[in-house]
There are 2 protein chains.
Amino acid sequence: MNIGHAAKATGLSSKMIRHYEVIGLLKNATRTDAGYRQYHDNDLHVLRFIKRARSLGFPLEQIKVLLSLWQDRKRASKDVKALAQKHILELEAKIRELSEMRDVLEGLSQDCAGDQRPDCPILSKLADPLHPHCSLDPAQNGQHVRHQK
Amino acid sequence: MNIGHAAKATGLSSKMIRHYEVIGLLKNATRTDAGYRQYHDNDLHVLRFIKRARSLGFPLEQIKVLLSLWQDRKRASKDVKALAQKHILELEAKIRELSEMRDVLEGLSQDCAGDQRPDCPILSKLADPLHPHCSLDPAQNGQHVRHQK
DNA sequence: TTCCACCTTCCCATGGTGGCAACGTCAAGC
DNA sequence: GCTTGACGTTGCCACCATGGGAAGGTGGAA
């Protein structure tokens, strides 16, 4: 089975599979005489394992650990669970961070008329959260324009 | 005011300020004879605007637009609000994505005894979500080990 | 034989930031 | 004046996971 076939069978891209091999997540695939990577059904299990772990947000480095635990018949489920819990905490931290952004922005957005007038509390708060009534750039000198050297 | 001072006054790093100039988010700073960038109080307002927009998760490209709206006295608040709403949708999409990851992982984690035994539904589900009782790598051939060329 | 789909390696880009190297500048203390 | 140390400059590389594309080789079918 060529790499493209393995890719379709697992939902990964050929690019990803090669990359995983390069970074040591997969053992080096056997090659045909022409240098084509060859995959077998057993390999698909590993690829799908990676695919699912990625879909849960695990970074490749942690997946490397998960794979080694998977293969270790003498592993303690405690170790796997600890890894999962750690990742859950990271996910929750990110969720809280994004939620706070959303809440603040939602608050600003609700105060904005959203009409043709220029007055906008969103810009005002970004400009100066303490004096949200002034929404004009005090510089007014083209700060966002890139000048040539 | 040198760049380090402007950085401390705004909570950005000198690196970021230089980077924002390079990508055209800031106009080219005036320089001393020695080539040092010089900043004035007006510049701090712009830098703080960027800092706050970043803290709401806006990417630099969108901040470029926000800055141009900020300076445009004839802007319609509708345009600003539309940008904010779009970003809110992106934040919510990301939050949903991460939340689903967390929920799935939380479910798996709760089924895991977390003791010294090797049986682990987390690994089993990653290995094969349809037959979660088999948690051993069917390959068992060192897939995660990087072999030298 | 020709053609097309597929494979290979290698390099570059993303986004936003940090780190480091190599070098120039400024001000204070001696 | 000289040294020292803090600060400035540019430039390159790294992160993370992935995609894109170039340039060239392979395989199989018509």
Side-chain angles (χ1 to χ4, degrees), chain A residues 1-26 28-40 43 47 49-67 87 90-91 93-94 97-98 101 146 148-149, chain B residues 1-26 28-40 43 47 49-67 87 90-91 93-94 97-98 101 149:
Chain A
M1 183 173 15
N2 284 346
I3 196 172
H5 194 150
K8 270 181 194 151
T10 58
L12 297 166
S13 69
S14 303
K15 280 268 192 185
M16 290 184 211
I17 297 177
R18 286 191 203 100
H19 182 55
Y20 297 163
E21 182 179 315
V22 167
I23 66 171
L25 202 54
L26 302 172
N28 285 7
T30 57
R31 306 279 190 134
T32 66
D33 289 349
Y36 284 21
R37 287 173 181 82
Q38 284 303 112
Y39 298 91
H40 307 285
D43 302 322
L47 291 173
F49 184 103
I50 297 173
K51 165 89 173 166
R52 292 189 196 104
R54 281 295 296 135
S55 77
L56 291 180
F58 283 102
L60 295 179
E61 271 308 311
Q62 288 192 30
I63 295 178
K64 208 177 280 193
V65 179
L66 284 171
L67 280 172
H87 187 49
E90 289 163 357
L91 287 171
K94 194 70 188 173
E97 185 190 346
L98 296 178
M101 289 177 180
R146 181 182 191 173
Q148 63 284 7
K149 197 175 190 178
Chain B
M1 186 173 15
N2 285 346
I3 196 171
H5 194 149
K8 270 180 195 152
T10 59
L12 297 167
S13 69
S14 304
K15 276 266 191 187
M16 291 184 208
I17 297 177
R18 286 190 204 101
H19 183 55
Y20 297 163
E21 183 179 314
V22 167
I23 66 171
L25 203 54
L26 302 172
N28 286 7
T30 57
R31 305 280 189 130
T32 65
D33 289 349
Y36 284 20
R37 288 172 181 81
Q38 282 304 111
Y39 297 90
H40 306 285
D43 302 322
L47 292 173
F49 184 103
I50 296 173
K51 165 90 172 165
R52 292 189 195 104
R54 281 295 296 137
S55 77
L56 292 180
F58 283 102
L60 295 179
E61 272 308 312
Q62 287 192 31
I63 294 178
K64 208 177 281 194
V65 179
L66 284 172
L67 279 173
H87 186 49
E90 289 163 356
L91 288 170
K94 194 71 188 171
E97 186 190 346
L98 297 179
M101 288 177 181
K149 196 176 194 176

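Chain naming here is simple, since letters A, B, ... match the order of the sequence lines and numbering starts at 1 in each. Computed from a predicted model, the values in this text were never measured in an experiment.
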Tell me: [atom1] of [X] to [atom2] of [N], nearest whole Å?
{"X": "Lys64(B)", "N": "dG15(C)", "atom1": "NZ", "atom2": "P", "answer": "10 Å"}
{"X": "Leu26(A)", "N": "dA17(D)", "atom1": "CG", "atom2": "P", "answer": "14 Å"}
{"X": "Asn28(B)", "N": "dT9(D)", "atom1": "CG", "atom2": "P", "answer": "12 Å"}
{"X": "Lys94(B)", "N": "dG15(C)", "atom1": "NZ", "atom2": "P", "answer": "15 Å"}
{"X": "Ile17(A)", "N": "dC7(C)", "atom1": "CD1", "atom2": "P", "answer": "10 Å"}
{"X": "His19(B)", "N": "dT10(D)", "atom1": "NE2", "atom2": "C1'", "answer": "15 Å"}
{"X": "Asn2(A)", "N": "dA5(C)", "atom1": "CG", "atom2": "C1'", "answer": "11 Å"}
{"X": "Ile3(A)", "N": "dT8(C)", "atom1": "CD1", "atom2": "C1'", "answer": "10 Å"}

Does some side-chain heavy atom of [Y] sit less than 4.5 Å from a side-chain heavy atom of [X]?
{"X": "Leu26(B)", "Y": "Asp43(B)", "answer": "no"}
{"X": "Ile3(A)", "Y": "Tyr39(A)", "answer": "yes"}
{"X": "Lys94(B)", "Y": "Met101(A)", "answer": "no"}

Practice prompt. Over all heavy atoms of both residues, which pair between Leu67(A) and Leu25(A) is shortest? Give the atoms and the distance, please.
Written response: CD1-O, 3.7 Å
Response to the item:
Assert: residue with more 5' nearest nucleotide on DNA chain C, out of Glu61(B) and Ala34(B), is Glu61(B)
Worksheet, complete the sentence: Quick note, Lys8(A) side chain, CB onward, closest among dC7(C), dG19(D), dC6(C) is dC6(C)
Worksheet, complete the sentence: Looking only at dG27(D), dT10(D), dT18(D), the nucleotide nearest the Arg37(B) side chain is dT10(D)
Practice prompt. In sequence, state the C-alpha distance, the side-chain angles, and the governing distance for Arg37(B) and Thr30(B), and then conclude on side-chain contact (heavy atoms from CB on, under 4.5 Å).
Written response: CA-CA 6 Å; Arg37(B) 288 172 181 81; Thr30(B) 57; over 6 Å; no
Please confirm whether the shortest side-chain N or O distance from [X] to OP1 or OP2 of [N] is below 4.0 Å.
{"X": "Tyr20(A)", "N": "dA17(D)", "answer": "no"}
{"X": "Arg18(A)", "N": "dG19(D)", "answer": "no"}
{"X": "Tyr36(A)", "N": "dG25(D)", "answer": "no"}
{"X": "Ser14(A)", "N": "dC6(C)", "answer": "no"}

Discussion item. Between the side chains of Arg18(B) and Glu21(B), is the shortest nitrogen-to-carboxylate-oxygen separation below 4.0 Å, so that they form an ion pair?
Written reply: no
Worksheet item: With a 4.0 Å cut-off on heavy atoms, is Thr32(B) in touch with a base, just the backbone sugar-phosphate, or nothing at all?
Response: nothing
Worksheet item: Which of residues 52-60 of chain A sit near DNA chain D, with a heavy atom under 4.0 Å from it?
Response: Arg54(A), Pro59(A), Leu60(A)
Worksheet item: Under 6.0 Å between the ring centres of Phe58(B) and His87(B)?
Response: yes
Worksheet entry | Donor-acceptor pair (no angle test) under 3.5 Å: Lys15(B) side chain, dG16(C) base | no
